Protein chains: 2
Amino acid sequence: MLTIGKLSKTAGVKVPTIRYYEEIGLLPEAERSAGNQRLYGSATMDRLTFIRHARELGFTLEAIRDLLSLSDTPDQSCAAADQLAKAQLVAVRDRLARLRALEVELERMIAQCAHGTIADCRVIEVLGNHDLCGHAHNASDHPSL
Amino acid sequence: MLTIGKLSKTAGVKVPTIRYYEEIGLLPEAERSAGNQRLYGSATMDRLTFIRHARELGFTLEAIRDLLSLSDTPDQSCAAADQLAKAQLVAVRDRLARLRALEVELERMIAQCAHGTIADCRVIEVLGNHDLCGHAHNASDHPSL
DNA sequence: TTTAATGTCTCTAGCAACTAGAGGTTCAAG
DNA sequence: CTTGAACCTCTAGTTGCTAGAGACATTAAA
């Protein structure tokens, strides 16, 4: 059995985050030692690793909750999990496209900087002037991922 | 003079967001009508447009605050603004690299889905098994941008 | 001119996904 | 046996907004 600290180190998830995951029900309530400290077995370790990887892949905790409930009932169709992954891929590609546009814009801003005073500096100008902006704005520019 | 609603529509920033920007000092306190409603001139319009574009480019409100204070004193060197933009570009490229890795991973997850039951589904497995993961994890996987 | 609809006001509370800190208890090493 | 690290619970803070309540202002139509 691992203490929360060992689990934290092994899984690469911070201690307060583990407690937070328990609090919101992503992890089951941990067993306790005689002195009321949390103890974990390998099942929780796996679950936490799963969560970490999913987070790193950009899944929200809600999506992870869904995935976990899917994997808790493994006899269903794979389609639902597949669906989640596909939706995630769409979101990721969308985000990629916008980030690439952003990269281009920043490069342009930096290239245009006259290296004089700010009065001449295009970094400020580009941000203030829509005409110079060079990429389309839209309402979904900052989704939660 | 524009009401907050017109300003909102023209600048493409929601009404509560404008009030929020005023509250945190990104926008100056607005003039008021006889009936205590906010009124805006073109200076605030420009400032708000600047803020919106900077947000769309991924600048944090803190970075925007810096940029605004730079542009409020335009006789300084451009170097500071340039510096901000460059730091931003580094962050954006970092984020791009991680998103691309994520894209590959999701594609792989979807491709491996056996289209059977979840028991066989790699979507779950890939997330649970680090060995299959195929990309490096690191501590800065989810920065604030 | 009245009335209805819309817009605006302030204020509080909430969202994700944690992070930080206070103040106290338990555990493991020397 | 003591010390110091790790643990406990609890509250509150973070960023960048968004949503709602309940009241006042403004505008357009009837």
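Only a predicted model underlies this, so the values are computations on that prediction, with no experimental measurement involved. Order of the sequence lines fixes the chain letters, A, B, ..., with proteins taken first and strands second; residue numbering starts at 1 for each chain.
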Task: Heavy-atom closest contact (B:L48 atom, B:A11 atom, distance) - done: CD2-CB, 3.7 Å
TODO: Using the closest heavy atom to pick a nucleotide of DNA chain D for each, name whichever of B:P16 or A:Y40 lands nearer the 5' end.
DONE: A:Y40
Report all side-chain donor-acceptor pairs from residues 16-32 of chain B shorter than 3.5 Å, counting only partners two or more places apart or in another chain.
unit_1 : atom_1 : unit_2 : atom_2 : d
B:E22  : OE1    : B:R38  : NE     : 3.0
B:R32  : NH1    : B:N36  : O      : 2.8
B:R32  : NH1    : B:N36  : OD1    : 3.4

- [ ] Determine, stepwise, if the pair A:V104 / A:R100 fulfils side chain to side chain contact (heavy atoms under 4.5 Å, CB included).
- [x] CA-CA 6 Å; A:V104 168; A:R100 276 191 280 256; 5.8 Å; no
Open item on the list: Once side-chain hydrogen bond (donor to acceptor under 3.5 Å, both in side chains) is applied, do any residues pair with B:E107, and if so which ones, sequence neighbours excluded?
Closed with: A:R93
Task: Under-4.0 Å salt bridge between B:R65 and B:E62 - done: yes
- [ ] Could you list where the contact with chain A starts and ends along DNA chain D, reading 5' to 3', using a 4.0 Å heavy-atom cut-off?
- [x] D:dC7 to D:dT9
Open item on the list: For a quick test of reading the model: is some side-chain N or O of A:R52 closer than 4.0 Å to OP1 or OP2 of C:dC18?
Closed with: no
Task: Close approaches to DNA chain C from residues 17-27 of chain B, in residue order (heavy atom, under 4.0 Å) - done: B:R19
Task: Cluster companions of B:L39 among Ile, Leu, Val, Met, Phe, Trp, Tyr (side-chain spacing under 4.5 Å) - done: B:M1
Task: Test item: A:L7 and A:V13 side chains (from C-beta on) under 4.5 Å apart, heavy atoms - done: no
Task: A:R55 vs C:dC18: side-chain N/O to OP1/OP2 distance below 4.0 Å - done: yes
- [ ] Could I get the full list of side chain to side chain contact (heavy atoms under 4.5 Å, CB included) partners for A:T10, not counting sequence neighbours?
- [x] A:M45
What are the atom names and distances for every N/O pair under 3.5 Å that joins the protein to nucleotides 22-27 of chain C?
unit_1 : atom_1 : unit_2 : atom_2 : d
C:dC27 : OP1    : A:G35  : N      : 3.2

Task: 4.5 Å side-chain heavy-atom contact, B:I4 and B:Q37 - done: no
TODO: Among Ile, Leu, Val, Met, Phe, Trp and Tyr joined by side-chain contacts under 4.5 Å, find the other residues sharing a cluster with B:V90 and list them by chain and number.
DONE: none
Task: Protein-nucleotide distance (A:E62, atom CD; C:dC15, atom P), rounded to Å - done: 11 Å
Open item on the list: Rounded to the nearest 0.5 Å, what separates atom CZ in B:R52 from atom CD1 in B:I64?
Closed with: 12.0 Å
TODO: Residues of residues 2-15 of chain B with any non-hydrogen atom less than 4.0 angstrom from an atom of DNA chain C: list those, numerically ordered, please.
DONE: B:T3, B:I4, B:G5
Open item on the list: To check you understand the geometry: which heavy-atom pair defines the closest contact between A:A63 and A:L84, and what is its length?
Closed with: O-CD1, 3.9 Å
Task: Pairs flagged by salt bridge (charged side-chain N to carboxylate O under 4.0 Å, His left out) wherever residues 2-13 of chain B is involved - sequence neighbours left out - done: none
